[in-house]
Amino acid sequence: MDAHGNMPQAVPRAPLSRRSPIWRFIVDRNPFYLLSAVMMFAGVRVILSALQLMPGDLKHLLLLIGVLNAYEAMVIALALYLITRRGLVRDGWILLSIEALFLIDLTFLNAELFTANLRWGTWINGLCFVLALVKIGVVIRTLRLRLTPPEWVYVAAQMAAIFFMAGAFKELSRHHRQPGALSAITLYGTWWLVGGLLVAGTVLLRKPADRLRSASAMWALSGRLYLMLPFVSLLVHLCGANRVYWVHFHAANAAPALLGLAVFLSRWRGEFGRRLLTTTQCVLTVLAVLVSLPYPLELMVHAGSHLASPLRLSLIGSAAVMIMAFFQNRHLIAIQIAAAATVAATLGNSVQEMQLNALALARAIYRGFYRAVPETPMHWGLLAVLGSFLMLALGASISLRKRPAEEAASTTS
């Protein structure tokens with residue numbers, strides 16, 4: 001009580017979020033979700049390193065996979081509860097983004113199964129592949145999102161590549177002339193499959209503008225998580241194969257991905273200007289050719305008695321991309337690059353071979369023209385007669401294209 005006998009009134013306190021910037025950051029960003037994911041990832045990798053698994057040791061791997069799937073199930077359940085019941089959309093999508101990283105085998109745990117046991121690894125990864133599609137389906141259905149059937153095919157294709165690529169490499173290495181090794185041409189061919197996956201995405205996926213019109217920016221995040229993120233993981237797994245099998249990474253490996261990206265960019269044809277899109281596609285195709293210039297003999301593709309170098313394959317791919325770009329955007333530079341790439345591809349497998357064949361072709365054309373020049377009066381007379389028939393045909397074609405009104409107008413003027 002004060003001197004007048006009144007009770008002191010409590011001073012109102014400001015909300016804690018206003019008084020403490022640290023607490024406000026915690027409430028707004030909730031970094032504990034990210035810390036949880038980092039600890040799970042680090043824990044799995046440390047345990048794998050400490051176990052020093054031997055071939056055939058599946059028990060510990062199965063235990064870790066079980067723990068990881070249980071963690072993913074909890075993350076999905078919490079995320080869907082926060083979004084649907086509490087209206088905390090941002091926190092929910094943070095959790096779903098974290099779960100997507102484990103969904104695409106960020107820990108490489110599923111790939112380790114093939115090292116332990118190829119047969120059981122195939123069956124277990126098949127089960128994990130089905131579970132991954134079920135997890136995505138639960139999120140899509142609960143949040144009432146929409147993936148078209150072609151988009152589901154694209155998601156399944158990417159997830160299958162992630163879960164089974166390591167097993168395919170393991171099986172191929174068993175049949176290599178040096179058991180346990182993998183050839184550089186095998187990895188180079190896989191990069192072409194990856195580039196083809198981008199081309200398939202151009203056909204199967206909805207255009208970005210259609211996706212944004214059908215959902216808000218936050219809900220459109222599902223497209224990035226389940227349509228785009230698996231492709232990034234696939235690239236990481238493929239690059240990791242060079243380290244696993246001690247195969248040197250060649251710059252030419254990136255050429256198929258660059259060509260596939262040039263095609264994939266056509267999905268944004270309505271958002272980008274045609275000139276900008278064509279320029280970007282030209283730059284990507286030129287880069288694909290440049291990275292393919294230096295190549296080792298181990299990347300030569302044998303097709304019967306014929307050989308195809310990465311440079312020739314990149315030139316053919318660049319010509320195809322530029323022909324597509326020309327029909328889409330109608331820029332002459334695209335068809336000019338396509339023509340140049342086609343001519344260069346027909347001349348040889350390397351720059352030196354192209355130079356030699358170009359000189360030989362120039363000599364052959366010169367000799368052909370030299371032989372075509374008339375040498376006697378009889379030859380000149382025959383040439384004049386043939387020319388008269390040619391001029392008659394050209395004049396007839398022009399006359400047949402005219403209309404009577406056009407001829408009358410030209411006569412009057």
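The chain is numbered in sequence order, starting from 1.
- In this structure, the separation between CG on N125 and CE on M165 is 11.5 Å, given to the nearest 0.5 Å.
- With hydrogens and angles disregarded, no donor-acceptor distance shorter than 3.5 Å links the side chain of E99 to the backbone of E72.
- Legend: residues meeting ring-ring contact (aromatic ring centres under 6.0 Å, His included) with H302, ordered by chain and number and at least two apart, are absent.
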Exercise. Could you walk me through whether K135 and L133 pass the side chain to side chain contact (heavy atoms under 4.5 Å, CB included) test, one step at a time?
Key: CA-CA 5 Å; K135 294 170 188 174; L133 295 182; over 6 Å; no
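- The shortest distance between side-chain heavy atoms of C128 and I65 falls below 4.5 Å.
- N110 places no side-chain N or O within donor-acceptor distance of the main-chain N or O of D105, the cut-off being under 3.5 Å.
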Quiz item: Can you check side chain to side chain contact (heavy atoms under 4.5 Å, CB included) on L143 and V139, steps first, answer last?
Solution: CA-CA 6 Å; L143 298 181; V139 173; 4.0 Å; yes
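- In this structure, L113 and F163 have side chains that are not in contact, with every pair of non-hydrogen atoms separated by 4.5 Å or more.
- Closest approach of A160 and F129 over heavy atoms only: N-CE1, 3.5 Å.
- Atom CD of residue Q328 and atom CD1 of residue I323 lie 12.5 Å apart, to the nearest 0.5 angstrom.
- Within the structure, the ring pair (Phe, Tyr, Trp, His ring centres under 6.0 Å) test picks out no pair touching residues 309-334 (sequence neighbours left out).
- K170 is linked by a side-chain hydrogen bond (donor to acceptor under 3.5 Å, both in side chains) to nothing, counting only residues two or more places apart in sequence or in another chain.
- With sequence neighbours excluded, the residues that form a side-chain contact (heavy atoms from CB on, under 4.5 Å) with A181 are H176, Q178.
- Counting heavy atoms from C-beta on, the side chains of I83 and T142 never come closer than 4.5 Å.
- Residues satisfying the ring-ring contact (aromatic ring centres under 6.0 Å, His included) test with F264, not counting sequence neighbours, are W268.
- Judged purely by atom type and a 3.5 angstrom limit, S266 has no side-chain atom pairing as donor or acceptor with the backbone of A262.
- With hydrogens and angles disregarded, no donor-acceptor distance shorter than 3.5 Å links the side chain of S233 to the backbone of L229.
- Residues M354 and A344 come closest through the heavy atom pair CE-O, 3.3 Å.
- At least one side-chain heavy atom of L131 sits less than 4.5 Å from a side-chain heavy atom of N69.
- Taken from OH in Y245 to CG in L172, the straight-line distance is 8.0 Å, to the nearest 0.5 Å.
- Contact check for L259 versus L284: no side-chain heavy atoms found under the 4.5 Å cut-off.
- Judged as a side-chain hydrogen bond (donor to acceptor under 3.5 Å, both in side chains), and not counting sequence neighbours, the contacts of T278 are N329.
- Put simply, the side chain of Q158 gets close to the backbone of L227: a donor and an acceptor are under 3.5 Å apart.
- Partners of I316 by side-chain contact (heavy atoms from CB on, under 4.5 Å), not counting sequence neighbours, listed by chain and number: R312, A345.
- When atom types are taken as modelled, the side chain of E171 and the backbone of G167 share no donor-acceptor pair closer than 3.5 angstrom.
- Checked against R363 for a side chain to side chain contact (heavy atoms under 4.5 Å, CB included), the options L359, L361, I365 give a single hit: L359.
- In this view, T280 satisfies the side-chain hydrogen bond (donor to acceptor under 3.5 Å, both in side chains) rule with no residue, not counting sequence neighbours.
- Counting heavy atoms from C-beta outward, F249 and L187 have side chains that stay 4.5 Å or more apart.
- E298 and H248 share no donor-acceptor pair across their side chains, judged by distance under 3.5 Å alone.
- In this structure, the side chains of L205 and R267 come closer than 4.5 Å at one or more pairs of heavy atoms.
- At a threshold of 4.5 Å between non-hydrogen side-chain atoms, the residues M159 and L103 count as touching.
- Of all the heavy atoms in G92 and A79, the pair that sits closest is O-CB, 3.4 Å.
- Remark: Y188 engages W192 in a side-chain hydrogen bond (donor to acceptor under 3.5 Å, both in side chains) (not counting sequence neighbours).
- In this structure R243 satisfies the side-chain contact (heavy atoms from CB on, under 4.5 Å) test with no other residue, sequence neighbours excluded.
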Practice problem: Apply the test side chain to side chain contact (heavy atoms under 4.5 Å, CB included) to residues M322 and I335: give CA-CA distance (whole Å), side-chain angles for both, the deciding distance (0.1 Å), then the verdict. | Solution: CA-CA 6 Å; M322 287 293 96; I335 201 66; over 6 Å; no
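- Between the side chains of S292 and S314, at least one donor N or O lies within less than 3.5 Å of an accepting N or O.
- Taking each heavy atom of V194 and L238 in turn, the nearest pair found is CG2-CD2, 3.8 Å.
- A pairwise comparison of heavy atoms in P230 and I162 identifies O-CD1, 3.4 Å as the closest pair.
- When every heavy atom of A255 is checked against every heavy atom of V291, the shortest pair comes out as CB-CG2, 4.0 Å.
- Taking CG of L145 as the start and CG of L225 as the end, the distance is 10.5 Å to the nearest 0.5 Å.
- Listed by chain and number, the residues in a side-chain contact (heavy atoms from CB on, under 4.5 Å) with W152 are I136, I140, L147 (sequence neighbours excluded).
- Residue pairs meeting the ring pair (Phe, Tyr, Trp, His ring centres under 6.0 Å) criterion with at least one partner in residues 102-122, sequence neighbours excluded, are Y71-F102, F108-H237.
- For the atom pair CE (M74) and CD1 (I76), the distance works out to 12.0 Å, reported to the nearest 0.5 Å.
- Separation of atoms OG1 (T285) and CG (L258) is listed at 9.5 Å; rounding is to 0.5 Å.
- Heavy atoms of other residues, nucleotides or ligands lying less than 6.0 angstrom from CZ of R275 number 12 at most.
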Quiz item: Going through the checks in order, is the side chain to side chain contact (heavy atoms under 4.5 Å, CB included) test met by S97 and Y33?
Solution: CA-CA 10 Å; S97 302; Y33 292 149; over 6 Å; no
